[in-house]
Novice: 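Mind having a look at this structure? Questions to follow.
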Amino acid sequence: MRVNVDQDRCCGSGMCVLTAPGVFDQRDTDGIVVLLAERPPEDAWRDVRDAESGCPSQAIEVTEE
């Protein structure tokens, strides 16, 4: 699994951080998503997919490799 985020699309809702805190964080200044793990461990995949589907601005893209 590979994760990409589009910081220009992010609205700073923080849902991704709540769903997968080991993979996503937010910038302190404006709340925009920060990707912590481009290739998250397998035990986080379900949470990452949930974060992708729950992102209100569709700023998260997950690809299977």
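No hydrogens, no waters, no symmetry mates; every other heavy atom, side chains included, goes into these values.
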Novice: Please list all pairs meeting salt bridge (charged side-chain N to carboxylate O under 4.0 Å, His left out) that have one or both residues in residues 21-34, counting only residues at least two apart or in different chains.
Specialist: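 The answer is R27-D30.
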
Novice: Show me the donor-acceptor pairs, under 3.5 Å and distance only, between side chains in residues 8-15 and residues at least two apart or in other chains.
Specialist:
| residue | atom | partner | partner atom | Å |
| --- | --- | --- | --- | --- |
| R9 | NE | S57 | O | 3.4 |
| S13 | OG | M15 | N | 3.4 |

Novice: Could you grab the distance from atom CG of D50 to atom CH2 of W45, nearest 0.5 Å is fine?
Specialist: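 If I round to the nearest 0.5 Å, the distance is 14.5 Å.
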
Novice: Can you check whether V3 reaches I60 side chain to side chain, under 4.5 Å on heavy atoms?
Specialist: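 In short, these two side chains touch, coming nearer than 4.5 Å.
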
Novice: What residues, two or more places apart in sequence or in another chain, satisfy salt bridge (charged side-chain N to carboxylate O under 4.0 Å, His left out) together with E64?
Specialist: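 Expected list: R49.
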
Novice: Apply side-chain hydrogen bond (donor to acceptor under 3.5 Å, both in side chains) to E65 and list each qualifying residue two or more places apart in sequence or on a separate chain.
Specialist: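 Partners of E65 under the side-chain hydrogen bond (donor to acceptor under 3.5 Å, both in side chains) test: R39.
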
Novice: Run the side-chain donor-acceptor check on residues 31-38: report pairs under 3.5 Å with partners two or more places apart or on a different chain.
Specialist:
| residue | atom | partner | partner atom | Å |
| --- | --- | --- | --- | --- |
| E38 | OE2 | R2 | NE | 3.3 |

Novice: Compare every heavy atom of F24 with every heavy atom of A51, then report the nearest pair and how far apart it is.
Specialist: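 It is CB-CE1, 3.8 Å.
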
Novice: If every non-hydrogen atom of V62 is compared with every non-hydrogen atom of E52, which pair is closest and at what distance?
Specialist: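 For V62 versus E52, the nearest heavy atoms are N-OE2, 3.1 Å.
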
Novice: Check the pair M1 / V48 against side-chain contact (heavy atoms from CB on, under 4.5 Å), numbers first and verdict last.
Specialist: CA-CA 10 Å; M1 167 184 281; V48 172; 3.9 Å; yes

Novice: Residues in salt bridge (charged side-chain N to carboxylate O under 4.0 Å, His left out) with E61, at least two apart?
Specialist: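 Counting only residues at least two positions away or on another chain, E61 forms no salt bridge (charged side-chain N to carboxylate O under 4.0 Å, His left out).
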
